[in-house]
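A short worksheet on the structure shown next.
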Amino acid sequence: MQQPLLLAIDFDGTITVEDITNIIWDAHVPFDWRAVLMPPSRAGDITPLELIGNGYREVRRPAEALLDEVRPHARLRPGFEALVASAAARGWPLHVVSHGLGFYLRAL
């Protein structure tokens with residue numbers, strides 16, 4: 001008997017068409033975060049969790065206000081709902097993986 005697969009799927013830019021953190025950071029981080037935060041991440045000098053922490057440290061809006069801003073931009077990737085249904089029909093567990101951004105993962 002074949003073992004069920006485990007599907008672990010990234011949220012931003014994978015399940016969603018747009019990267020929600022990019023939308024938030026573009027609107028609220030007061031510097032060019034791509035130029036400042038991304039090079040040390042790409043070089044391996046900071047972890048992904050440190051990158052997220054460094055960026056969100058600059059965001060001064062409460063979670064509910066951020067959700068109101070991003071909801072109009074958050075679109076599920078075409079075919080995602082069919083993937084979820086197919087996984088459920090086959091008994092494959094599906095887990096969304098992210099860097100602790102549950103404040104919008106659960107809502108969206």
Side-chain angles (χ1 to χ4, degrees):
M1 179 174 182
Q2 184 178 6
Q3 294 292 326
L5 295 178
L6 167 67
L7 299 177
I9 304 174
D10 177 56
F11 186 79
D12 280 309
T14 303
I15 291 174
T16 61
V17 175
E18 299 79 9
D19 186 304
I20 305 304
T21 286
N22 288 3
I23 294 169
I24 293 169
W25 288 6
D26 285 345
H28 296 286
V29 173
F31 54 82
D32 182 352
W33 62 267
R34 287 175 177 85
V36 174
L37 299 178
M38 295 308 294
S41 176
R42 287 188 183 114
D45 295 333
I46 62 172
T47 68
L49 287 176
E50 289 171 318
L51 169 67
I52 294 293
N54 292 343
Y56 275 99
R57 188 174 301 115
E58 301 294 328
V59 177
R60 305 288 187 236
R61 302 274 312 219
E64 281 304 316
L66 294 173
L67 283 171
D68 289 342
E69 290 178 26
V70 299
R71 274 190 181 102
H73 306 286
R75 296 177 294 140
L76 294 180
R77 187 165 302 281
F80 179 68
E81 290 177 1
L83 174 65
V84 171
S86 180
R90 291 174 170 81
W92 297 347
L94 187 147
H95 294 274
V96 177
V97 293
S98 184
H99 286 96
L101 300 173
F103 84 92
Y104 66 73
L105 292 178
R106 285 184 288 279
L108 301 175

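Just so you know, these numbers come straight off a predicted model, no measurement behind them.
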Spatial distance of atom [atom1] ([X]) from atom [atom2] ([Y]) [nearest 0.5 Å]:
{"X": "Asp12", "Y": "Ile52", "atom1": "CG", "atom2": "CD1", "value": "7.5 Å"}
{"X": "Asp10", "Y": "Thr16", "atom1": "CG", "atom2": "OG1", "value": "8.0 Å"}
{"X": "Glu64", "Y": "Leu66", "atom1": "CD", "atom2": "CG", "value": "9.5 Å"}

Test item: [X] and [Y] side chains (from C-beta on) under 4.5 Å apart, heavy atoms:
{"X": "Leu7", "Y": "Leu83", "result": "yes"}
{"X": "Leu101", "Y": "Ile20", "result": "no"}
{"X": "Val97", "Y": "Ile9", "result": "no"}

Nearest non-hydrogen partners of [X] and [Y], listed with the distance:
{"X": "Gly13", "Y": "Arg77", "answer": "O-NH2, 2.8 Å"}
{"X": "Gly55", "Y": "Leu37", "answer": "CA-CD1, 3.6 Å"}
{"X": "Arg34", "Y": "Pro39", "answer": "O-CD, 3.4 Å"}
{"X": "His95", "Y": "Leu6", "answer": "CD2-CD1, 3.1 Å"}
{"X": "Leu5", "Y": "Pro93", "answer": "O-CD, 3.1 Å"}
{"X": "Leu76", "Y": "Val17", "answer": "O-CG2, 4.0 Å"}

Check your understanding: Could you give all pairs that pass the ring-ring contact (aromatic ring centres under 6.0 Å, His included) test and reach residues 65-91, with sequence neighbours left out?
Key ->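 Residue pairs passing ring-ring contact (aromatic ring centres under 6.0 Å, His included), neighbours aside: none found.
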Practice item. Tell me, please, which residues at least two apart from Glu18 pass side-chain hydrogen bond (donor to acceptor under 3.5 Å, both in side chains). Key: Arg75
Check your understanding: Hey, what's the ring geometry for Phe11 with Tyr104, parallel, tilted or perpendicular (30° and 60° as the breaks)?
Key ->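 Plane angle between 30° and 60°, so tilted.
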Check your understanding: Any chain of hydrophobic side-chain contacts (each under 4.5 Å) joining Phe31 to Leu51?
Key ->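 Yes, Phe31 and Leu51 fall within the same hydrophobic cluster.
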Review point. More than 12 non-hydrogen atoms from neighbouring residues, nucleotides or ligands closer than 6.0 Å to CZ on Arg60, yes or no?
Key: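 Atom CZ in Arg60 is crowded, with more than 12 foreign heavy atoms closer than 6.0 Å.
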Exercise for review: Could you list the residues that satisfy ring-ring contact (aromatic ring centres under 6.0 Å, His included) with Trp33, not counting sequence neighbours?
Suggested key: Trp25
